Amino acid sequence: MATKRSRLSRSSDFQRIYRQGSSTASRFLVLYSFKRPAEADAEGPRLGLSVSKKLGGAVVRNRVKRLLREAVQGCAGHLAEEYDLVVIARPQLLELVARESTGEKGVVGAAVRELLVRAGVLNEVPGP
RNA sequence: GGGGCAAGCCAGGUGGCCGCGACGGGGCCGCGUCGCGAUGCUCCUUGGAGCUCGCGAGGCACCUCGUCGAGGAAAGUCCGGACACCACAGAGCAGGGCGCUGGCUAACGGCCAGCCGGGGAAACCCGAGGGAAAGCGCAACAGAGAGCAGACCGCCAGCGGCCCCUUUCGAGGGGUGCGGGUAAGGGUGAAACGGUGAGGUAAGAGCUCACCAGCGGUCCUGGUGACAGGCCGGCUCGGCAAGCCCCGCCCGGUGCAAGACCAAAUAGGGGAGCGUUUGAGGGUUGCUCGCCCGAGGCUCCCGGGUUUCGGUCGCAUGAGGCGCGCGGCAACGUGCGUCCCAGAUGGAUGGUCACCCACGACAGGAUCCGGCUUACGGCUUGCUACUGAG
RNA sequence: GCCCCCAUCGUCUAGCGGCCUAGGACACCGGCCUUUCAAGCCGGCGGCACGGAUUCGAAUUCCGUUGGGGGCA
């Protein structure tokens, strides 16, 4: 996870997931998930992130992306194979990012895990 | 000591563990490529093609080791360049920018040094700072008068009429009215046709004088120059050009999504009419000229396409950093030595633990460089005025 | 990333440097009219994105911020 191979790169991949995938949302995040066709050669789950400029400048956006990537990777062993995921950060996520900075660890991870469970791509619920 | 002003510097550090990007070395053979071999199998036209197996090479992925890995503003995109393309880039007009002087620079609207003006108690700071006797234009309201000025309240003597007072009966004084002189004072305004003082006068006025301000001079001195100082003259009205404009200088356009190469897929078809080197039509900068392309083009009809956000390069050795010397007040230039210091492409720097006088603020490269502007934490040094103590 | 444009009441917009304490329409509020509502009439509320500069004087001119919008494969 988090290597080049397991990241979504092409815009066409994003478009396919938006059009054909199913979506789940909370007030912090939006999750799109899509089961790849069998003939696709990639292996393992792939992740794409979308953090708009409304969230802040480049420093803030990079931090948000790092936290999200880390949170998804924390569930990596329990994720269903052959799924493509797109996680979109909403502006209210900034509250969780701020709490994370003041020492309240794991709130972003909890938000991500909740969505993954709801979307049904998490095989079993791991401990917090 | 707390203020003010200026200049310079830093951008948390060190170590451990986990994690990310690039490059390089090694390992491995999961995937595809190429080469060789086989007594193998299939097809068939001598000989080749395909499949299977084995060996080797180098590539992608993976594992491992090492090195490097954001900023002073990386930002805003406000200027200036480099670089690339536009059928070469030329001229004129239009348009845009700049504007004290001298220098620096690849260039600049930048920087340095100075001049002048303004602000401040000072240190110091700020200034788009050419031209208003080339022309056009603007100045609301108020005010008498605002662009060849003007006379409301005033001041002044004289003359004639009327009224009042005094009278030595000659006249004198006051008021009012008309025409006249004047612009000192009041009042309006952002701005009122030089200011202050003295003389002068009926009252006044550059009317005269002194100083100051301003203007002018084939004048003198200093300075490369902006300009400064002096002398002389006649006494003398401005403001706005970030209004149009004039003068001088500069600017071709588009921007790395520029542009070059590679791969895959699709298409580049047909008919009729017009027109032909004396040139249809098109391109080039907004226009004109000029230049370039030019048998192909235009009109109509039928049919089809204008796609894949593909990959590689451009893409990091440069007006480069650091140290020392020399020239220069400085910006900067130059010589020698030394170093290689991000190169991503859904886009990399973080997390955690320990210590350090604990946390740090603003904030993340995207073609590169020189500036400007904006955001922002701290440290050091110097200068300036004030206050307190000895 | 590169290159452009815009900003005036809640909305859509006028606005020659002075007549601007910024005009109009719709909306909103109050009143009149009507049995009531609508329409109509009268009145009110409400704005030059922000900070400097030029000017006697700035919504207007200039510079810088901020916030929107658009184009380029």
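Computed from a predicted model, the values in this text were never measured in an experiment. Each chain gets a letter, A, B and so on, in the order its sequence line appears, and its residues count up from 1.
Across the P atoms, C368(B) and G56(B) are found 47 Å apart, a figure rounded to whole Å. Atom P of U166(B) sits at a distance of 50 Å from the matching atom of G194(B), rounded to the whole Å. Spacing between G216(B) and A228(B) at atom P, rounded to whole Å, works out to 13 Å. Across the P atoms, A344(B) and C293(B) are found 43 Å apart, a figure rounded to whole Å. Separating the P atom of G243(B) from that of C291(B) is a span of 45 Å, rounded to the nearest Å. Here the separation of C251(B) from C309(B), taken at their P atoms, is 45 Å to the nearest Å. Distance check on atom P: G120(B) versus A53(C) gives 15 Å, rounded to whole Å. Rounded to whole Å, the P atom of G370(B) lies 30 Å from the corresponding atom of U67(B).
Because its glycosidic torsion is within 90° of 0, G170(B) is reported here as syn. Shown here, G206(B) is classed syn by the O4'-C1'-N9-C4 or O4'-C1'-N1-C2 angle, which is within 90° of 0. The glycosidic torsion of A70(B) lies within 90° of 0, which places this base in the syn conformation. Classified by its glycosidic torsion, G351(B) falls in the anti category, the angle being over 90° from 0. Within 90° of 0 lies the glycosidic angle of C359(B), which makes this nucleotide syn.
For the pair E114(A)/R118(A), a side-chain contact is recorded, criterion being any heavy-atom separation below 4.5 Å from C-beta on. Between I88(A) and Y32(A), the closest side-chain pair of non-hydrogen atoms falls below 4.5 Å. Side-chain contact between R90(A) and L29(A) is absent, with no heavy-atom pair separated by less than 4.5 Å. Annotation: side chain of L47(A) is not in contact with side chain of D84(A) (no heavy-atom distance under 4.5 Å). L31(A) has its side chain out of reach of V86(A): every pair of non-hydrogen atoms, C-beta onward, lies at least 4.5 Å apart.
The separation between Q73(A) atom CD and G350(B) atom P is 17 Å, rounded to whole Å. Between E100(A) atom CD and G350(B) atom P there is a gap of 16 Å when expressed in whole angstrom units. The CG-C1' distance, from L47(A) to G346(B), rounds to 10 Å in whole Å. For the pair R61(A) CZ and A74(B) C1', the interatomic distance rounds to 14 Å; values are reported in whole Å. Atom CG of L85(A) is separated from atom P of G346(B) by 18 Å (rounded to the nearest Å).
The partner of A59(C) is absent, by the rule that a Watson-Crick or G-U pair needs both atom distances under 3.5 Å. In a base pair of the Watson-Crick type (N1 to N3 plus N6-O4 or O6-N4) or a G-U wobble (N1-O2 and O6-N3), with each distance short of 3.5 Å, C261(B) is matched with G311(B). When both pairing distances are held under 3.5 Å, U224(B) makes no Watson-Crick or G-U pair with any nucleotide shown. The partner of G347(B) is absent, by the rule that a Watson-Crick or G-U pair needs both atom distances under 3.5 Å. Base-pair partner of G48(B): C43(B) (Watson-Crick or G-U wobble, both distances under 3.5 Å). Searching all strands for a Watson-Crick or G-U wobble partner of C104(B) with both distances below 3.5 Å returns G110(B). Nucleotide C55(B) is matched to G35(B) when pairs are restricted to Watson-Crick or G-U wobble geometry with both distances under 3.5 angstrom. Pair check for C28(B) finds none; no Watson-Crick or G-U wobble contact set falls under 3.5 Å.
Dashed line: the shortest gap from a side-chain N or O of K65(A) to OP1 or OP2 of G347(B) is not under 4.0 Å. In this model, the phosphate group of G347(B) is approached by a side-chain N or O of R69(A) to a distance below 4.0 Å at OP1 or OP2. A close approach under 4.0 Å does not occur between any side-chain nitrogen or oxygen of N62(A) and OP1 or OP2 of G350(B).
Looking only at atom types and distance, the side chain of S52(A) has no donor-acceptor partner in the side chain of R61(A) under 3.5 Å away.
Nearest to the side chain of K53(A), among G1(C), A348(B), G364(B), sits G1(C). If you check G346(B), G365(B), G351(B) against the side chain of R63(A), the one that comes closest is G351(B).
Residue-to-nucleotide proximity on RNA chain B shows that, of E70(A) and V59(A), the 5′-proximal contact is made by E70(A). A residue-by-residue look at S50(A) and V60(A) shows that S50(A) has its nearest nucleotide of RNA chain B further toward the 5' end.
Salt bridge absent: R66(A) and E70(A) never bring a charged side-chain N and a carboxylate O closer than 4.0 Å.
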